[in-house]
Every structure is written in C-alpha cells, then in structure tokens.
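Beneath this line is the structure, given in structure tokens, with notes to follow.
Residue numbers begin at 1 in each chain, while the letters A, B, ... track the order of the sequences. Any value given below was found using the heavy atoms of this structure, including those in side chains, with hydrogens, waters and symmetry copies removed.
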Number of protein chains: 2
Amino acid sequence: MAGVSQTTVSLVLNGKAESEVRISPETRDRVLQVIRDTGYVADPAARRLAERRNRIYGVFTYEAVFPAESADFYHPFLVGIEECAEEAGCDLLLFTSAKAAQRERRRIFSAESRIRLADGCVLLGRTVDRDDLVRLLAERIPFVSVGRRDDAGGPVPYVGADYPPAVRALVARAAALGHRRMAYVGVGRGAESYADRLRGFIAGVAETGAEGLHLTTTAGLFESGATVVFAEELADGAAIAEAALARGLDVPRDLSIVALGAPTRPVSTDIDFTGFRIPRREMGRRAVELLTRVLERGGNPQELLACELVDGSTLAPVPDER
Amino acid sequence: MAGVSQTTVSLVLNGKAESEVRISPETRDRVLQVIRDTGYVADPAARRLAERRNRIYGVFTYEAVFPAESADFYHPFLVGIEECAEEAGCDLLLFTSAKAAQRERRRIFSAESRIRLADGCVLLGRTVDRDDLVRLLAERIPFVSVGRRDDAGGPVPYVGADYPPAVRALVARAAALGHRRMAYVGVGRGAESYADRLRGFIAGVAETGAEGLHLTTTAGLFESGATVVFAEELADGAAIAEAALARGLDVPRDLSIVALGAPTRPVSTDIDFTGFRIPRREMGRRAVELLTRVLERGGNPQELLACELVDGSTLAPVPDER
DNA sequence: TTCCGTTGCTAATGCGCATTAGTGCGACAT
DNA sequence: ATGTCGCACTAATGCGCATTAGCAACGGAA
C-alpha cells in the first residue's frame with residue numbers, strides 16, 4: 001500500500017532508521033500513515049520468533065490465581081506484579097493450563113508448557129519444587145522467585161521478605177517487656193519462609209538470653225510456662241488465642257501472642273495481633289523489576305525486603321505473678 | 001539424537017502417525033525417549049506461527065485485574081474463567097500493557113497490541129468501547145464478551161446476565177405484597193446492564209399495573225410516595241437505606257428496598273438486601289466455553305444466564321397507613 | 001524381469017517478522 | 001568518460017515449527 005518492501009515497514013516500525021539503514025522522512029511518513037489507516041499491528045508470535053523477545057512475562061503459581069474461596073494468598077503479590085508490568089508495558093501470561101491431572105498441583109514443565117513463550121517468568125508460591133528450580137536454571141529460563149529460595153544447583157534469583165530481623169526485633173521487644181520464656185509454634189521448616197522465621201526466633205532468643213522453645217503444634221503450649229508465644233502464621237495465632245480464651249486466659253494479660261505475618265486482608269479474627277507486615281505488594285513489584293533487569297543484563301539478583309513491625313495489642317508486659 | 005529428521009519429531013510430537021504419514025513404533029519410541037530425556041518442549045511462538053493456534057486465551061479488562069483496593073468487580077468472573085481455562089488446558093494472557101498513557105483507560109488496540117498472540121479473547125467490563133467491538137468484529141478476532149452488548153456493526157458474541165426477567169419477578173413480588181407505587185433509582189442507561197434492569201422494571205410495572213417512576217439519583221425519592229425502591233446497584237441500595245434511616249424511616253417497615261445485583265463479597269453494609277444474584281462465576285466459565293466453541297466452529301453465540309432471586313429482608317408488605 | 005503398491009521416512013516450504021548483505025542510482029571528483 | 005562514494009532502499013535469510021510432496025526400499029503380482 002505504501003509502495004515499499006516489507007523490510008522498510010519493519011524498519012519504520014522499529015524506528016531503526018537512525019542506526020545503519022536510512023529511510024527518507026517522506027517514505028517513513030507514508031508508511032506510518034498507512035499503518036495508522038489500517039491499524040496494522042505486527043504479529044507478536046512472529047516477532048517473538050524472530051526477535052526472541054515478547055514483552056510478555058509469565059506468572060506461575062502452583063494453585064489458582066483467582067481462588068474461589070479462602071483468604072487469597074497470591075492476591076497482594078499479584079497487585080504489585082500487575083502494577084509494575086503495566087508500567088513496563090508488559091502483558092502477563094498466567095500458566096493456568098499447567099495442571100497435570102485431576103486434583104493435582106500445577107507443573108511448570110509439561111509437554112505443552114508455554115513457559116518459553118514468555119520472555120521470563122515470575123514464580124509464586126509458599127514452596128517451589130526444587131526440581132523445577134534446577135531445571136529453570138539449567139535451561140537458562142529467565143525468572144525471579146517471589147520468596148527466598150535455597151540454592152538449587154546454583155543461586156536462585158528471588159525477592160523475599162526479610163523475616164529473621166523482624167522476628168528478632170519482636171523477640172527483643174518481648175524481652176524488653178520482661179518475657180523470659182518464649183515459645184515458637186509452627187513447623188519451622190518446609191518452606192524457606194518458615195525456616196527463616198524460626199531462625200530469627202532462635203537468634204533473637206540467643207541475643208536476649210531468654211529461654212526459647214519450639215513447638216510444632218499447640219499441644220503442650222499452655223503447660224510449657226511460656227509467657228509469650230510466636231505464632232508462625234496468623235491463623236495459628238488466632239487458634240492459640242481461641243484456645244487461651246477457652247482456658248480462661250486473657251490475651252495479652254495472661255499470655256502474649258505475636259503473629260509472624262500480618263493478615264492479607266481482614267480475616268475471621270478481629271484480634272489486632274502484634275507482629276509484622278509482609279510487604280507482599282512491594283515484593284510483587286520488585287520481582288517484575290528484577291525480571292526486567294535480568295532480561296536486560298542477566299545475573300541472579302537476590303533481594304530481601306524489610307518487614308514493617310505492627311504494634312497491635314497482643315503483646316504486653318509479662319505478668320508479675322502467675 | 002534420535003537419528004531422525006525434524007519432521008519425524010514433529011509428527012511424533014503431534015501424534016499424527018495415524019493419518020497419512022506413518023512412523024514405525026520403534027522410531028516413535030526412540031523419539032519419545034529422547035524427548036523425555038531432554039525435556040524438549042516445542043517453542044510455543046513458532047508453533048503459533050505455523051499452526052495458527054496457541055491454546056492461549058486473552059483476557060481484556062479496562063482496569064486492573066488485580067485491584068489494590070475497592071470491591072473487586074472482576075474477581076468472580078475471573079474465578080470462572082480460570083477454572084474453565086484450566087480444564088480446557090489453556091493459558092491466560094492478561095493484557096496489562098494496554099494502558100495508552102498515564103491515568104488512562106486501557107485500550108484493546110495499540111501499536112504493540114499482543115491480542116493476536118492469543119487464539120481468542122474474553123472481554124470484561126461494565127461497558128466496552130463500541131469502536132473496539134466494531135474493530136474486533138471487522139478483523140475477525142475471535143472473542144466473547146462477558147456481559148450483553150448491543151450490536152456493533154454486527155451481533156456481538158456474549159454471555160450475559162438475564163436482568164429483565166429477574167427485575168420483573170421482583171416487581172411482581174413487590175406488587176403481590178401490595179406495593180402500588182415503585183421507584184427505580186439509577187441511570188438506567190450507559191451500560192447495557194443498567195438499561196436491561198430499567199427495561200425489566202418498566203415491563204414489570206406495566207404487567208402489574210403499578211405506578212413506576214424512574215429517578216436518576218436519590219433526590220426526591222422520599223417525597224415521591226414510593227413504598228418500594230429498586231436500587232440499580234447494591235451500593236445505591238446501601239446509600240438509600242442510610243438516608244432512610246437518617247429520616248427516621250424503618251427498612252423495610254416504612255420503605256422496602258430491592259437491590260438489583262447482589263454483592264460480590266461481603267461489603268461495608270450488613271443489610272441483607274432482597275434482590276438477585278448475578279451469576280458472575282458461571283458467566284466467566286461459560287464465556288470460556290463459548291470462546292472454545294467459536295474457535296472450533298465459528299459463529300456468534302449469544303447467551304443470557306438467569307439471575308437467582310435472593311430473599312433477603314428488605315422487602316415487606318406495604319404499610320397499611322402512612 | 002518389470003511394474004506397482006506399500007511402508008517409513010525426509011526435503012522443502014511457509015507462517016510473519018527482524019536483520020544483514022547487498023543493489024541501483026545520482027552526485028561529484030578525476 | 002570513468003571511477004568513487006553515499007544515499008535510500010530491497011532481496012534474501014533465518015527464527016522453530018507444521019505440513020505436503022516426494023523418495024528410497026522392499027515385497028508381491030504379472
């Protein structure tokens with residue numbers, strides 16, 4: 001329509017006239033006019049094939065991104081991811097098809113995996129399969145994990161929440177209020193985030209010279225003599241508060257509770273727990289930023305974002321007498 | 001690695017051995033073994049280019065899919081969309097990049113539009129630009145709108161909520177309770193969904209022989225003598241209830257309120273409004289199903305899903321005496 | 001022996017773009 | 001008249017796949 005070759009259109013479209021090849025302003029305008037008239041848009045698939053770049057970022061989650069019920073674990077991360085992708089002019093590809101079989105966890109790699117269609121990928125999940133990480137690294141697929149990950153045959157690019165300092169600070173605060181016997185309730189392993197919390201607790205206890213005990217479940221908590229309990233997740237904190245109430249204990253007068261991870265959004269409990277806020281949205285944003293950087297300059301960036309302490313009302317001075 | 005040509009691998013990969021071309025079982029197994037060993041996955045971009053099919057469905061929304069605040073309008077639809085896409089083995093491409101400029105609404109068509117990368121597209125939004133619809137139809141891009149749309153140079157494929165019968169049923173119910181003077185509060189136009197509600201109201205009033213009035217805002221409502229008010233949206237209903245309370249009116253004793261569209265999730269108000277439930281999740285599911293059908297067999301399907309009535313507690317018999 | 005049909009595979013092509021190595025042409029110098 | 005150079009553009013190629021036409025080898029029928 002403009003009487004020029006496909007090459008010329010491509011050059012005009014990509015504004016490459018500056019470099020080596022030259023296109024006269026008249027021709028350029030003519031081409032641009034036709035593009036405007038017809039609304040021509042380059043085929044993204046062909047572009048990807050030729051250019052090896054798409055401006056599409058994949059988002060992988062092991063469960064549904066849009067959960068029907070349940071408190072939404074992914075949502076705050078995704079808010080940040082979408083914000084940042086929008087600013088970067090990128091589209092997001094959700095790997096919803098990744099479910100291997102009925103009722104099974106999604107898989108990153110499958111026969112039909114469209115992961116390579118994206119320029120890179122953001123990984124979401126409390127835990128990530130080690131095998132998946134190994135393979136992502138081995139195949140040199142650009143990605144960034146949201147949440148710290150242990151090495152998997154090499155350093156994993158991530159942006160995580162910096163749990164240990166936050167937990168240590170809370171332990172210190174409890175110690176300052178006179179608590180000498182503290183309990184951590186939770187598995188403290190499995191997910192890196194749990195391990196990090198427990199690590200922070202242990203470090204904090206060591207620093208303050210307090211006595212620390214680690215309980216996997218609530219069993220034995222009330223007999224342990226602990227005056228403050230650090231709950232691995234908010235849900236645990238709520239359960240402990242309820243159990244305490246059932247025993248006629250007042251929180252925080254008789255028992256202080258610290259929740260390691262503030263709620264995403266208003267949850268069933270109306271207790272205003274002392275603890276910290278996981279910067280989920282910021283983590284999502286930062287993950288996309290890092291992914292962009294990885295795509296441009298490579299590297300395996302690892303970042304930890306600080307957790308802001310939340311005062312709340314469940315941490316009080318230790319009772320004088322029991 | 002298997003000592004065969006690229007063609008053979010392609011044939012094995014796509015299980016085309018049945019039709020015309022034949023591959024011996026031994027060769028097939030050998031190829032499959034290598035594929036398994038290496039974890040080879042076909043490049044989706046190249047595949048799309050050659051095959052003109054992707055198993056990627058686009059999802060277009062005019063605002064953020066993951067909103068930071070505000071009641072989430074899109075979420076229930078997306079739950080259904082993701083569920084169905086997962087079952088169909090499709091990935092979802094969110095067009096987050098579509099924002100033309102700062103603070104502006106997203107655009108379907110832009111210079112960089114990746115919409116053609118997807119096999120088809122699901123459109124979400126209270127309203128959809130008519131120009132966008134026209135162009136989608138003109139360019140024969142397969143798509144399905146969630147929400148009924150007026151023709152745009154041709155019938156628009158959609159799955160919508162069937163408002164008129166639901167509103168009519170509620171009007172009839174009010175009439176059966178003795179109400180003779182009813183008000184509709186809302187714009188009643190702009191979005192097809194508003195127009196449909198108002199249409200249902202007008203039809204219902206005509207059927208029952210009641211007196212119906214249409215108010216764009218709450219102004220004048222309490223002086224109108226209406227004993228029941230149909231609020232276009234739940235938020236309107238909540239505002240009306242509050243205003244009524246401020247005037248010392250009891251809902252529903254003095255004034256009945258019907259909310260045309262139940263809340264997505266628990267909102268600020270704790271009033272249990274009489275009204276109907278918009279089948280958002282089902283609409284999302286159905287949209288994906290229809291898109292799949294369109295891709296396979298073409299056509300411009302249009303479907304309306306019934307809204308289930310919600311009893312609630314804000315519709316009562318008309319007061320004997322005012 | 002020749003001819004044909006079948007089996008099992010591959011060479012070649014095109015999808016729509018980005019990129020590279022040219023090519024034709026006019027201006028200018030020799 | 002001949003050579004040289006820069007300008008404005010194009011032909012050709014490759015990206016990784018699906019697809020189609022075709023080819024070699026072999027066996028059985030004539």
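Expressed to the nearest 0.5 Å, how far CZ of B/Arg106 lies from CG of B/Asp129 amounts to 14.0 Å.
Paired with A/Asp119 under the rule salt bridge (charged side-chain N to carboxylate O under 4.0 Å, His left out), one option of A/Arg55, A/Arg47, A/Arg48 passes, and it is A/Arg48.
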Could you list all N or O pairs between the protein and nucleotides 12-16 of chain C that sit under 3.5 Å apart?
from   : atom 1 : to      : atom 2 : distance (Å)
C/dA12 : N6     : B/Thr7  : OG1    : 3.3
C/dC15 : O3'    : B/Arg52 : NH1    : 3.1

Look for any protein N or O under 3.5 Å of an N or O in nucleotides 22-26 of chain D and output each such pair with its distance, or none.
none

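Atom pair B/Leu11:CG and D/dC17:P shows a separation of 13 Å (rounding to whole Å applied). The nearest whole Å value for the distance from the CZ atom in B/Arg114 to the P atom in C/dC17 is 14 Å. Atom-to-atom, CZ of A/Arg22 to P of D/dG6 comes out at 11 Å; the value is rounded to the nearest Å.
Along DNA chain C, the nucleotide nearest A/Val41 and the nucleotide nearest B/Pro25 are compared for position; the residue whose nucleotide lies closer to the 5' end is B/Pro25.
In terms of modelled atom types and a separation under 3.5 Å, the side chain of B/Ser5 and the main chain of B/Thr8 share a donor-acceptor contact.
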Which is it for B/Phe77 and B/Val122 under the side chain to side chain contact (heavy atoms under 4.5 Å, CB included) test, yes or no, and what are the steps along the way? CA-CA 11 Å; B/Phe77 296 116; B/Val122 172; over 6 Å; no
Applying salt bridge (charged side-chain N to carboxylate O under 4.0 Å, His left out), run through B/Arg148 and B/Asp162 and close with a yes or a no. CA-CA 9 Å; B/Arg148 189 183 76 74; B/Asp162 201 3; over 6 Å; no
Please test B/Arg30 against B/Gln33 for side-chain hydrogen bond (donor to acceptor under 3.5 Å, both in side chains), starting from the C-alpha separation and ending with a verdict. CA-CA 5 Å; B/Arg30 196 149 31 88; B/Gln33 188 56 50; over 6 Å; no
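Taking only side-chain nitrogens and oxygens, B/Thr8 comes nearer than 4.0 Å to OP1 or OP2 of C/dT10. Residue A/Ser24 has a polar side-chain atom (N or O) positioned under 4.0 Å from OP1 or OP2 of D/dC9. At C/dC9, none of the side-chain N or O atoms of B/Ser5 fall inside 4.0 Å of OP1 or OP2 (strictly under the cut-off).
Residue contacts for A/Val9: at a heavy-atom cut-off of 4.0 Å it reaches no nucleic acid atom on any strand shown.
At least one side-chain heavy atom of A/Tyr62 sits under 4.5 Å from a side-chain heavy atom of A/Val128. Side-chain atoms of A/Val65 and A/Leu124, non-hydrogen and from C-beta on, never get closer than 4.5 Å to each other. The shortest side-chain heavy-atom distance between B/Phe95 and B/Thr61 does not fall under the 4.5 Å cut-off.
Figure legend: B/Arg135 and B/Phe109 shown as a cation-pi pair, the cationic atom lying under 6.0 angstrom from the six-membered ring centre and within 45 degrees of its axis.
Where the helix from C/dT1-D/dA30 to C/dT30-D/dA1 starts and where it ends, the local axes point in directions that differ by 90°; five pairs per end, rounded to 10°.
When all heavy atoms are compared, the tightest approach of B/Arg130 to B/Ala152 is NH1-CA, 3.5 Å.
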